[in-house]
Structures are given as C-alpha cells and as structure tokens.
Amino acid sequence: MENSLDPRINRLSLIKNDGSFALEKGENWHTYEVFHLKKRGDHHKHVGSLHAPTPEIALVFAKEQFGRRQKCVNLWVVPSREVYTFNMEDEDMFATASSPEKKYRDASGFKVRDKIAEYKKTHAG
Amino acid sequence: MYGSSAAFDTPKKGEEIVEDPKKLAIFEARIERGEKIEPNDWMPHEYRRQLIRMIEQHAHSEIIGALPEGTWITRAPGFKRKLALIAKVQDEIGHGHLLYAAAETLGKSREEMINDLINGKSKYSNVFNYPAKTWADVTVIGFLIDAGAIVNQLINATGSYGPYCRALERICYEESFHLKQGHEGFVYLATGTPLQRKMLQDAINRWWEPIMHFFGPPDKISQHTEKLMKWKVKMATNDDMRQKFFDQYIPKVYELGLTIPDPKFKKNDETGKWEYTEPDWDRFFEVINGNGPCNKERLEVRRWAEEHGRWVRNALYDPKYKSVMPLA
C-alpha cells in the first residue's frame with residue numbers, strides 16, 4: 001500500500017492485517033427506539049433507533065445522536081423488542097374512525113345554526 | 001454525503017423472483033398514491049434487495065467519507081475551521097448510523113453490512129477513493145461534493161420507503177450547515193491571494209473527474225432504471241441529477257472567476273442542458289472495483305477500527321439483552 005497522506009494512518013502499520021477479521025453476530029449489541037422531547041409541553045416524538053449494549057449507554061448514545069444538533073430537553077429510549085404494535089397491513093381496521101358512519105362522534109355531525117335561525121325568524125319581536 | 005455511483009445492479013439470470021400479482025398490485029397502487037412503504041409491509045423481493053443495497057452503500061459512504069476529511073482535522077487552518085470540520089465529520093458518522101438503522105429494518109444486520117464493507121463486497125461512493133491532497137481539496141469536497149450529495153439526498157427523500165425518507169430528512173437538515181461552511185471555505189480561497197486561488201483551481205481540476213463520476217454512468221449505459229423509478233426507489237436518472245447539480249452550482253464556481261477543466265463544458269441555451277466531455281467511465285469502474293488511489297487504505301483503516309474497537313464492545317456487552325432489529 002502506498003504511503004497515506006495522513007501520518008497517523010502510516011503509524012498504524014495496517015499492512016500487518018491478514019484480512020480475516022469479521023464482526024460476529026450480535027457484536028453491535030441490540031437496538032433501542034429513541035423518543036425526543038424538543039421543548040417542555042410537547043409530546044416525546046419517535047426520531048429513530050440506535051444500537052447500544054444497555055439502557056444507560058443507549059441514553060448516552062441517544063444524546064450524542066439525536067440531541068446533538070436540534071433543540072432537546074429530554075430523551076426516552078425503549079428497547080425495540082419491548083414495543084408492541086399492530087401490523088401495518090391491518091390499517092383498514094382504523095378506517096371507521098373517520099368514516100361518515102361515525103359522524104355522531106364528530107363535532108361536524110351536529111347542526112344547530114339552521115334551527116336557531118328558524119327559531120329567531122318565527123319568534124321575532 | 002453520497003451519490004448514486006453504482007447503487008443498483010441487475011439480478012443475476014435465474015434469480016428473478018415471480019411475485020404474487022395481487023400483492024404486487026396493492027403495493028404498486030400504494031406507491032402510486034404517494035403513500036410510503038413501512039418495514040413490515042409486503043414488498044417485492046427485488047424492491048427489498050435494491051433498497052438494502054442502496055441504503056447500505058449510502059451508510060458506508062457516510063462512514064468512509066469521514067476519512068478523507070478527517071485526515072485534515074489535525075491540519076485545518078485556524079481554530080474555527082478545525083471545530084467546524086470535527087463537527088461535520090461527527091455528523092457524517094451520525095448519518096451512517098441513521099442509515100444503517102434504516103437498512104436494518106429491511107432485514108440485514110449492521111454486523112453483516114460492516115463485514116461486507118470491509119471484505120469489499122459492498123461499495124460506497126467512488127469519490128472517497130481519492131485523496132484530499134491539500135486544504136483546497138477539503139473545500140472542494142466540502143462545497144461541491146456535499147452539494148452533489150444534497151441534490152441526490154433531497155430527491156431520494158421523496159422516495160417510497162418510509163425509514164429511508166425519514167433518515168434523509170434529518171440528514172438534509174444537518175447537511176445544510178456542511179454546505180454553507182464548505183461554500184465559505186471555497187469563497188475564502190477564491191477571493192484570497194493568487195496562491196490561494198491557484199490552489200483552489202488546482203483542486204477543482206483534480207476533482208472534476210470524480211465529480212463527473214459522482215452521479216453515476218450516463219443513462220444510456222445505466223440499466224435497471226425503469227422499474228426502480230416506478231417503485232420510487234430511484235427518483236431521478238443519473239443524467240438528470242447531474243444536470244440539476246450543474247444548474248445549481250456551476251454558476252457559483254463561475255461567479256468567482258474559476259474555470260471547469262473541460263473545453264466542451266457549457267450550457268446550451270436552446271436545450272437548457274449542460275454539454276460536456278464524457279469522463280472516462282472505464283476509469284470509474286476500475287476505481288469502484290477496488291483499484292483507485294485510496295480504496296485499500298480506506299478499507300484497511302475501517303477494518304483496523306473495527307478490530308481495535310472490539311474489546312470495547314465486548315467489555316460493554318451484557319448477555320442479558322438479546323439482539324433485535326430496529327422498528328422503524
């Protein structure tokens with residue numbers, strides 16, 4: 001290998017490497033989901049995930065990774081395996097929440113203006 | 001920072017998988033409506049394969065991209081530039097982490113990806129196989145290469161895979177400072193002494209071919225684009241991105257009285273397209289296949305870091321916790 005422009009790299013004697021090195025399964029620990037609180041009064045918001053060996057170190061990494069550039073007052077970390085979730089494929093089961101059949105649980109399902117106007121007209125004076 | 005140098009490949013003969021037409025239709029209709037695909041959704045094998053390949057290469061590019069710039073931290077001219085360069089290099093590593101996590105949601109572990117990087121099986125952006133010879137090279141990387149990466153990343157952020165788009169949004173936000181500090185360093189040299197200007201022009205000349213290579217081979221020799229564009233994996237052709245980059249950034253080179261080392265290079269006012277001499281694409285493939293000036297050094301440094309960091313990872317390892325994939 002040619003000499004590097006970086007003297008620190010030349011000092012590493014890289015050439016001694018026989019190329020057999022490989023990471024083992026699980027060597028990068030496991031993952032945590034990270035929730036970021038931008039300011040007091042907001043909800044914590046999911047911003048991504050990271051690898052860490054323990055919850056305490058996950059917090060340290062989360063501060064470095066997600067609290068480094070943007071405003072942040074607090075972070076949560078949750079092991080990915082501890083999050084219970086519906087399957088994305090089942091999203092149609094939520095469809096009724098905004099369907100016309102459920103107008104009775106929405107403010108738009110209740111009309112009073114016409115009745116009030118009518119009442120005022122017939123009871124004028 | 002990243003360009004789609006060789007992000008995609010063609011499935012080998014006999015490896016094409018016939019997908020369930022009903023599921024495929026639902027999947028394609030979702031993308032057509034502009035909805036995102038999320039990790040546990042059904043997806044065609046080829047979609048998953050190409051996305052892993054693309055996001056993984058993007059992640060590697062962030063990690064390897066830190067090396068040519070990192071070399072200059074100890075020699076940055078002035079304290080503010082040193083601080084900015086450290087911050088930028090740290091951001092790039094952070095981007096690598098975000099992208100590895102996005103790729104992992106598709107089913108390939110980070111360990112496997114890092115192994116494929118250091119054993120040469122998976123690629124990274126070709127530009128990082130060139131050395132940053134002078135401080136002016138660092139400003140050309142910090143301005144023009146980062147600008148190219150932003151053109152690429154902004155458009156990819158409108159793609160169809162949710163985790164990748166979310167990672168790119170954060171990355172683009174962070175890159176805006178990189179681009180600004182790169183531009184400032186570039187302008188500083190361009191408006192400095194004759195020697196500084198010469199240094200900068202030399203660096204532009206050295207980096208022109210890698211910049212031309214950055215967005216990948218011309219559309220006429222780059223296959224497999226159609227399906228990937230339909231699935232919103234690839235959002236623009238290589239030539240379109242290259243033109244877009246020229247439109248936005250070449251005027252910023254010209255306004256400083258600097259030149260592009262290609263006598264044919266000019267904008268055709270009738271077609272609105274930039275015309276140029278095709279760079280040496282054989283050279284591009286030669287470098288991407290391992291024979292560039294720095295390929296070996298980059299991978300050796302990465303391998304050294306993984307090998308010498310192992311005792312730290314092992315010391316922190318707690319068997320009580322088992323490995324899982326990120327959620328989203």
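Chain letters run A, B, ... following the sequence lines, proteins first and then strands; every chain starts at 1.
Looking at A:Tyr32, the atoms closer than 4.5 Å to chain B (heavy atoms on both sides) all sit in the side chain, from C-beta outward. When heavy atoms are compared at a cutoff of 4.5 Å, B:Gln90 approaches chain A by way of both its backbone and its side chain. Neither the backbone nor the side chain of B:Ala87 comes within less than 4.5 Å of any heavy atom in chain A. Using a 4.5 Å cut-off between heavy atoms, B:Arg170 contacts chain A through its side chain alone, with no backbone atom that close. Interface remark: B:Lys133 contributes backbone and side-chain atoms alike to the contact with chain A (heavy atom separation under 4.5 Å). Both the backbone and the side chain of B:Thr71 come within less than 4.5 Å of a heavy atom in chain A. For B:Asp91, the parts lying under 4.5 angstrom from a heavy atom of chain A are both the backbone and the side chain. Of the two parts of B:Trp72, neither the backbone nor the side chain holds a non-hydrogen atom closer than 4.5 Å to a non-hydrogen atom of chain A. Residue contact with chain A, scored on non-hydrogen atoms closer than 4.5 Å, involves the backbone and the side chain of B:Glu174 alike. Contact annotation for A:Glu56: neither backbone nor side-chain heavy atoms come within less than 4.5 Å of a heavy atom of chain B.
Here A:Ser20 contributes atom OG and B:Glu307 contributes atom CD; the two are 7.0 Å apart, rounded to the nearest 0.5 Å. Within the model, atoms CE of A:Met88 and CG of B:Asp41 stand 5.5 Å from one another, a figure rounded to the nearest 0.5 Å. We find the CG-CD distance between A:Asp6 and B:Glu297 to be 7.5 Å, quoted to the nearest 0.5 Å. Here the NE2 atom belonging to A:His46 is positioned 8.0 Å from the CZ atom belonging to B:Arg166, to the nearest 0.5 angstrom. Here CD of A:Glu91 is found 6.0 Å from CD of B:Glu35. Values are rounded to the nearest 0.5 Å.
For A:Gln65 against B:Gly94, the heavy-atom pair with the smallest separation is NE2-O, 3.0 Å. Between A:Leu5 and B:Pro131, the closest heavy-atom pair is CD1-CB, 3.6 Å. A pairwise comparison of heavy atoms in A:Gly26 and B:Tyr317 identifies O-CE1, 4.0 Å as the closest pair. A:Leu23 and B:Arg313 make their closest contact through CD2-NH2, 3.3 Å (heavy atoms, listed as atom of the first residue, atom of the second, distance). A pairwise comparison of heavy atoms in B:Tyr173 and A:Arg69 identifies OH-O, 3.8 Å as the closest pair.
Note: A:Arg68 leads A:Gln70, A:Glu89, A:Arg68, A:Arg8 in heavy-atom pairs under 4.5 Å with chain B. Your options are B:His308, B:Glu38, B:Arg75, and the one with the most heavy-atom pairs under 4.5 Å with chain A is B:Arg75. Of the listed residues B:Thr74, B:Asn115, B:Leu299, the one with more heavy-atom pairs under 4.5 angstrom with chain A than any other is B:Asn115. No other option in B:Asn119, B:Thr105, B:Val301, B:Ile118 has as many heavy-atom pairs under 4.5 Å with chain A as B:Val301. Ranked by heavy-atom pairs under 4.5 Å with chain A, the list B:His97, B:Glu306, B:Glu112 is led by B:Glu306.
Between B:Arg110 and A:Glu27 there is no salt bridge, since no side-chain nitrogen of the basic residue lies less than 4.0 Å from a carboxylate oxygen of the acidic one.
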